[in-house]
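Have a look at the structure below before the remarks.
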Amino acid sequence: MRVFFGIVFLVLILILTVAAIFARHSSKSIGKTVCVLICTFLFPITGNLILVVSDNKILSETGCYIYYIGMDILMYGLIRFTFEYCDITWPSKLAKYFTYALLVIDVVQFGFNPFFRQAFETEKIMVAGAPYYRLVPYMGQTYHRVVCYGIIISLVALYLMKILRTPKIYAEKYIVIFVSFIIGILWQTIMIFSRTPIDRSMIGFGIFCILVFYFSLFYKPRRLLDRMLSGIVSEMPDAMFFYDGSYRCIWANEPGKQLTGIQGNHFEMASKGLIEKFGAVEDRDVDWNMNKALVSEDGVRYYSIEKRTVYDAKNRVSGSFISVRDNTEEQRNIRAEIYNATHDILTGLYNREYLYERVRKQIEENPNVRYRVAFLDVKGFKIVNDVFGNQFGDLAIKTIAKWLRTTFSGKCLHGRLGGDTFGFMVPANYFDKKKVENDLDNFVVKDKDKSYKLMIHIGVYEVIDPSVDVSVMFDRARMAITTIKEDVRKHLAYYDDNMRSMVLWEQQITQQALGAIEEKQIIPYLQPIVDRNGKVVGAEALVRWLHPEHGFLSPGKFVPAFEKNGLIAEVDKYMWRSACEILSRWRRSGRDTFISVNISPKDFYFMDVPATLKKYVKDYGVNPARLRVEVTETLLINDIEKSKRTLNVLKDAGFVVEMDDFGSGYSSLNMLKEIPVDVLKIDMMFLRETGNNEETHAKALTIVENIIHMSKDLKIESLTEGVETEEQYRTLSKMGCQLFQGYHFAKPIPVDEFEQKYPKEG
């Protein structure tokens with residue numbers, strides 16, 4: 001009998017070895033895990049084989065060690081296989097490490113058994129007339145059984161939980177392993193606790209291992225697949241119709257029945273229902289697909305219909321199926337995404353990119369039509385949001401959009417370019433200049449008790465050259481608006497040849513700017529600044545361009561262009577550096593005269609202004625107080641908090657800060673309270689604009705006098721620029737003005753001429 005069971009175990013080991021090799025080379029992802037599991041089974045089975053065939057105490061005990069330590073290794077293999085097969089993870093790292101620690105402790109305590117005999121001993125009995133050594137278990141063996149059976153029961157529970165929680169069509173995958181597991185456990189348990197003379201307990205687990213190998217790698221659950229496919233088709237939202245080889249409908253799912261009105265199992269009515277719903281279908285002998293749009297009570301519904309043929313192994317038609325998918329929501333979402341990608345959300349007009357695309361396409365498709373491209377801008381729109389709130393501002397934007405649609409309909413295109421700017425293109429004969437001017441004269445936005453008259457300007461560019469880039473067309477239309485200036489009665493302006501010449505000029509000087517700085521064609525001129533005694537105490541550095549082709553260029557010829565394209569930052573840096581170079585030379589010659597330099601609002605976009613100025617005065621060894629910096633009120637009112645921080649940095653570094661053109665724009669007393677400035681530069685333009693009106697002139701003088709007195713009370717130095725007559729000089733002196741600048745004293749002159757005319761004054 002022992003020989004027989006020995007042969008059984010040898011055959012089992014051979015089968016499992018072959019199975020492990022197949023599993024290792026399996027294309028399935030679980031193949032390597034199955035291979036590991038089979039290899040772990042070989043340890044206890046080998047130990048069991050030694051026990052069965054041995055009649056020697058030492059060899060039998062060796063078999064016991066291989067058997068029980070092998071069971072610990074087997075538990076690891078079972079855990080790894082179960083977790084991957086059931087697609088589950090450890091609840092926590094603590095649970096994982098605790099489980100593996102129990103197995104390691106069991107292996108260690110078996111290692112101490114030869115010395116302490118705390119796990120087991122073997123006792124000699126006679127079986128069939130031959131000695132056989134069977135196990136005598138102690139406390140360590142009890143621990144071993146508790147650990148192994150605890151793990152096995154936990155794994156069985158995991159399979160049971162997976163079976164209960166998994167949809168029935170998938171449960172078969174776990175049931176076959178679960179049943180095999182139970183059979184193997186019961187077999188081994190009976191063998192262990194029955195005290196049968198010959199231990200054949202591992203035969204059950206060996207058979208379980210073979211079943212695992214088969215079910216996990218080769219078994220194809222046909223019933224599962226049939227139920228799965230049936231369940232999937234039944235649960236599909238698409239309407240499905242299945243036909244036999246004679247093109248008779250033999251089955252339809254519930255959505256298919258509802259779509260075609262099939263009652264009960266009268267599936268033969270499917271084709272008629274499809275034809276009534278969608279009209280004629282395509283040739284039944286070929287595969288096809290088509291899209292249909294049907295009008296229903298809730299709007300247009302979209303369907304995708306597809307027919308596919310099924311062939312047998314000999315390429316004969318065995319049937320076919322038709323699927324009807326209601327993709328209305330998908331189509332609506334696609335259309336909504338396209339709309340949102342091409343339209344402005346607030347107004348529903350085209351966005352900038354799509355407007356440009358449509359304009360280009362329409363011009364190309366209608367080469368004989370003369371078009372006008374227009375740019376619409378709302379002047380001072382920020383005030384609308386600040387005063388009335390964003391909701392009223394949005395209403396104003398939507399009102400403009402509605403006016404554009406109403407006024408320029410038909411073959412016209414319109415879009416929102418961004419913020420408070422719009423663009424549109426109209427055929428030339430659609431553009432009624434008089435009507436547009438009348439509409440814009442009284443463009444009032446109303447919302448309950450709120451109303452506001454918008455100041456709208458429109459620049460128009462006539463498309464003479466269709467090859468011009470669309471963005472350039474709108475830029476030219478926008479440029480036309482700059483000619484309107486402050487004329488409140490004018491709303492329309494047209495791009496003309498003068499503007500074209502200006503564009504070409506700006507392009508030319510822009511290309512030459514950096515070279516002009518390098519070659520010192522762009523240079524500083526100095527205009528004297530005098531005190532109440534007529535003494536020159538400083539100068540303002542003003543940029544000039546000695547152009548090799550066009551001669552002397554005043555700032556008005558190039559500074560506006562540089563302000564637009566950002567080159568003003570390079571020019572300003574050059575002027576600051578030049579001023580520091582002059583001041584350094586004056587310091588060495590003993591001249592103690594300051595120079596004021598201008599800072600453009602655009603400079604702050606391209607550099608750290610305070611850091612740049614501090615670097616220049618340090619490089620040239622100049623006292624920062626000698627390099628005065630002029631900032632415009634435009635810079636200050638745009639962001640008072642940021643301006644305050646910047647000016648404080650400059651003042652802390654020792655620079656004197658001047659506020660340029662005070663009174664010429666929108667200066668406020670509140671700003672004087674907030675902004676840390678040292679000098680107020682008062683523009684005499686304020687007085688000149690009063691003309692010959694004595695009353696107005698007297699009021700202007702009173703205002704100037706109060707500004708001077710106020711600056712004195714605020715401990716701010718006053719400087720009047722644009723002084724042209726002796727009378728103005730005397731009047732301003734009596735008012736208490738401290739510094740003066742203007743043509744009455746001198747025009748801006750070259751640096752060397754300034755140094756000769758005013759030697760070491762200051």
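- With sequence neighbours excluded, the residues satisfying salt bridge (Lys or Arg N to Asp or Glu O under 4.0 Å) with K564 are E506.
- Here H414 and W403 keep their ring centres 6.0 angstrom or further from each other.
- One side chain, T347 or D344, offers a donor N or O that lies under 3.5 Å from an acceptor on the other.
- Under the 30°/60° scheme for interplanar angles, the aromatic rings of H547 and H550 are found to be tilted.
- Paired with S596 under the rule side chain to side chain donor-acceptor pair (under 3.5 Å), one option of R628, Q527, E658 passes, and it is E658.
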Worksheet item: After noting the C-alpha distance and the side-chain angles of N565 and T510, does the key distance pass the side chain to side chain donor-acceptor pair (under 3.5 Å) rule?
Response: CA-CA 8 Å; N565 58 37; T510 296; 2.9 Å; yes
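- Aromatic pair Y350/Y356: ring centres not closer than 6.0 Å.
- By the 4.0 Å N-to-carboxylate-O rule, E462 lies too far from R476 to be salt-bridged with it.
- By the 30° and 60° cut-offs, the orientation of the rings of F431 relative to F408 is parallel.
- Salt bridge annotation for D678-K651: present, with a cationic side-chain nitrogen under 4.0 angstrom from a carboxylate oxygen.
- Counted by atom type alone, T632 and D660 present zero donor-acceptor pairs between their side chains at under 3.5 Å.
- No side-chain donor from either of N351 and H343 sits under 3.5 Å from a side-chain acceptor of the other.
- In this structure, the ring of F754 has its center less than 6.0 angstrom from the ring center of Y758.
- The two residues A541 and L526 have their closest heavy-atom pair at CA-CD2, 3.9 Å.
- Using a cutoff of 4.0 Å between basic side-chain nitrogens and carboxylate oxygens, D592 and R626 are scored as salt-bridged.
- Residues E353 and R358 are not paired through a salt bridge, judged by the lack of any N-O separation under 4.0 Å between the basic side chain and the carboxylate.
- With sequence neighbours excluded, no residue forms a salt bridge (Lys or Arg N to Asp or Glu O under 4.0 Å) with R587.
- Within the 6.0 Å centre-distance limit, the rings of Y729 and F745 are counted as a close aromatic pair.
- Using a cutoff of 4.0 Å between basic side-chain nitrogens and carboxylate oxygens, K382 and D386 are scored as salt-bridged.
- Side-chain polar atoms of E563 and S600 form a donor-acceptor pair below 3.5 angstrom.
- Judged by distance alone, the side chains of K712 and Q738 never bring a donor and an acceptor atom under 3.5 Å apart.
- Other residues, nucleotides and ligands contribute only 12 or fewer heavy atoms inside 6.0 Å of the CD1 atom of I345.
- Side-chain contact between L739 and T720 is absent, with no heavy atoms from C-beta onward closer than 4.5 Å.
- Within the 4.5 Å cutoff, side-chain heavy atoms of R416 are placed close to those of L346.
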Item to complete: Output, in order, the C-alpha distance, side-chain angles, deciding distance and verdict of side chain to side chain donor-acceptor pair (under 3.5 Å) for Q391 and D447.
Response: CA-CA 10 Å; Q391 187 174 351; D447 182 25; 5.2 Å; no
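- Judged as a salt bridge (Lys or Arg N to Asp or Glu O under 4.0 Å), and not counting sequence neighbours, the contacts of E726 are R730.
- Classification of E755 and R585 as a salt-bridged pair holds, one side-chain N sitting under 4.0 Å from a carboxylate O.
- Within the cation-pi definition used here (under 6.0 Å to the ring centroid, within 45° of the axis), K602 does not qualify as a partner of Y605.
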